[in-house]
Each structure stands twice: as C-alpha cells, then as structure tokens.
Amino acid sequence: MSVHDHPEEDGPEALTLADERKASHRRCALTREQGLPELMVRFVLSPGGIVVPDLDARLPGRGIWLSARRDVIEQARAKGVFSRAARAQVVVPEDLLSQVEAGLARRMIEVVGLARRAGQAVSGFVKAREWVTQRKAGVVVHAQDGSQEELERLLSGRRDTPVVDTLTSGDLAKVFGRERVVNVALAVGGLATRLCCENKRFTGVAQVRLPGSPDLSGGRV
C-alpha cells in the first residue's frame, strides 16, 4: 500500500484500530504530516470521553495520531484537535503531556528489562565495551547521570553506535538488580531498534536533546 492509498486521505482523522493496522503510515491530526507509527503517539477515548495515551497502539477505539513532539501535543490540546478528530466533545486531562512523558520513560525501562531477560543485554563498562568493539551492540544505554568522558571511552573506535542517555543510573540499576548501573549494551536486533524509537519519541515529547540521543535512523545526534 502506498502513502496515497491510506484511508486517511478521504476518511476522518480518527481511524479504527483495524484500519490503522492496514496502513504503514499515520497522519498527524494537527500538522497533517504523515509519519511512521512507531515514532508517533496514538490517543483514544475512554468510555467516559477522556483522552487517553495509547503508547502501545493496541487499545480499541478510534485512534487519534499526533507527532511525538511536545509543541504538537500542546497545540492539539489548546486548539480542540481531539474533539474535531473524534467528532465529539472530549475531556483532555491537564496532565496529558506528563502522562505521555512518564509512559514513554517506563516503556524504555521495560525494553531494557526485556533485553536483559532475553540475554540480549549486558551491563557494566567492560562487558558493554566488549560488545561495542565486537559490533554486537545495536545500541548503548549510558546513564543520564554518568560522565561524558566515560561514554567517550566506551565508544572509542565505534562512535557510530547509537546511544540512549535519557535514563538514570537508578532506572538501569532496578533492571539489573544492582546498586548502580551506568553502562548497558543491547544486542543488534528488534529490541535495540525499538529502544531507539522509544527514545526518539521520549526526547520529542520531553524536549530533551542530549548528546547521545539517537536520531530517526538510530544514529547519534
């Protein structure tokens, strides 16, 4: 299906979940720009008409898609975009942005946890460095409160490795059951790609743009 064959072209901005799964791109209800669903944020209405973030894009109902940008979500709330897209009166929580930001942070931690349990993640400078030098690392997670000098040493000779540095050492420590974890490497594969996408969404919504944040292609900014 080409981008010109999407149901959004002639239908309403809000699509049913079945329709959305048939399309490869989504259209932002505010900017009208099309983008990959894994780099956007889907919203649905609760039975009471409350706008709810659907970060996994699995909840039933008519989806309202927005670009994963703080200014876009803020404008959509202020300009009544949710009501127009749903063709109904809706309730938009004042803390909607906070809900999205917190949810995306949790999702990144969950991906790292999935990778650990699947044997696709290692922690600690030495192990992470081994994976980087052997090109086994699909992404490096360096704690937000870690040192830039240590990150530079970790990536020495492999500076094209994507880096996520929006999680804290405390976040990573909980995943690995340790007191403090600064460096983690995820193996090349689907979970590493997924973490890069989640980080891209988080940095857009949280307006965080740190030296190691991955861009659309998964590389460093």
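Predicted, not measured: the structure shown is a model, and the values here were computed from it. Sequential numbering from 1 along the given sequence is applied to the chain's residues.
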Report summary line: Residues at least two apart in sequence or cross-chain that pass side-chain hydrogen bond (donor to acceptor under 3.5 Å, both in side chains) with Gln99, listed by chain then number, are Asp95
Requested in this report: Linking directly or through intermediates, with side-chain heavy atoms under 4.5 Å: list the remaining ILVMFWY members grouped with Val126, chain and number order.
Outcome: none
Query raised in the report: What residues, two or more places apart in sequence or in another chain, satisfy side-chain hydrogen bond (donor to acceptor under 3.5 Å, both in side chains) together with Arg129?
Result: none
Requested in this report: Can you sort out the partners of Lys79 under side-chain hydrogen bond (donor to acceptor under 3.5 Å, both in side chains), two or more places apart, ordered by chain and number?
Outcome: Gln75
Report summary line: Sorted by chain and residue number, the salt bridge (Lys or Arg N to Asp or Glu O under 4.0 Å) partners of Arg135 (sequence neighbours excluded) come out as Asp160
Report task. Could you name each residue pair satisfying salt bridge (Lys or Arg N to Asp or Glu O under 4.0 Å) that touches residues 110-126, not counting sequence neighbours? Result -> none
Query raised in the report: Can you list every pair that meets salt bridge (Lys or Arg N to Asp or Glu O under 4.0 Å) and has a residue in residues 186-198, with sequence neighbours left out?
Result: Arg107-Glu198, Glu198-Arg201
Query - Which residues share a side-chain contact (heavy atoms from CB on, under 4.5 Å) with Ala105, sequence neighbours left out - result: Phe202
**Report entry** Carboxylate-amine/guanidinium proximity below 4.0 Å for Glu38 and Lys200
**Finding:** no
Requested in this report: Check side-chain hydrogen bond (donor to acceptor under 3.5 Å, both in side chains) between Thr168 and all other residues, then give those that pass, not counting sequence neighbours.
Outcome: Asp171
Residues 43-52 side chain polar contacts: donor-acceptor under 3.5 Å, at least two apart:
unit_1	atom_1	unit_2	atom_2	d
Ser46	OG	Gly48	N	3.3
Ser46	OG	Ile50	N	3.1

Query raised in the report: Can you tell me if Thr31 uses its side chain to pair, donor with acceptor, with the backbone of Glu33 under 3.5 Å?
Result: yes
Report task. Sorted by first residue and then second, give each ring-ring contact (aromatic ring centres under 6.0 Å, His included) pair with at least one member in residues 91-117; sequence neighbours left out. Result -> none
Report task. Check the pair Leu55 / Val41 against side chain to side chain contact (heavy atoms under 4.5 Å, CB included), numbers first and verdict last. Result -> CA-CA 6 Å; Leu55 302 179; Val41 179; 3.8 Å; yes
**Report entry** Selection residues 177-187 - residue pairs positive for side-chain hydrogen bond (donor to acceptor under 3.5 Å, both in side chains), sequence neighbours left out
**Finding:** Ser123-Arg178, His142-Asn183, Glu150-Asn183
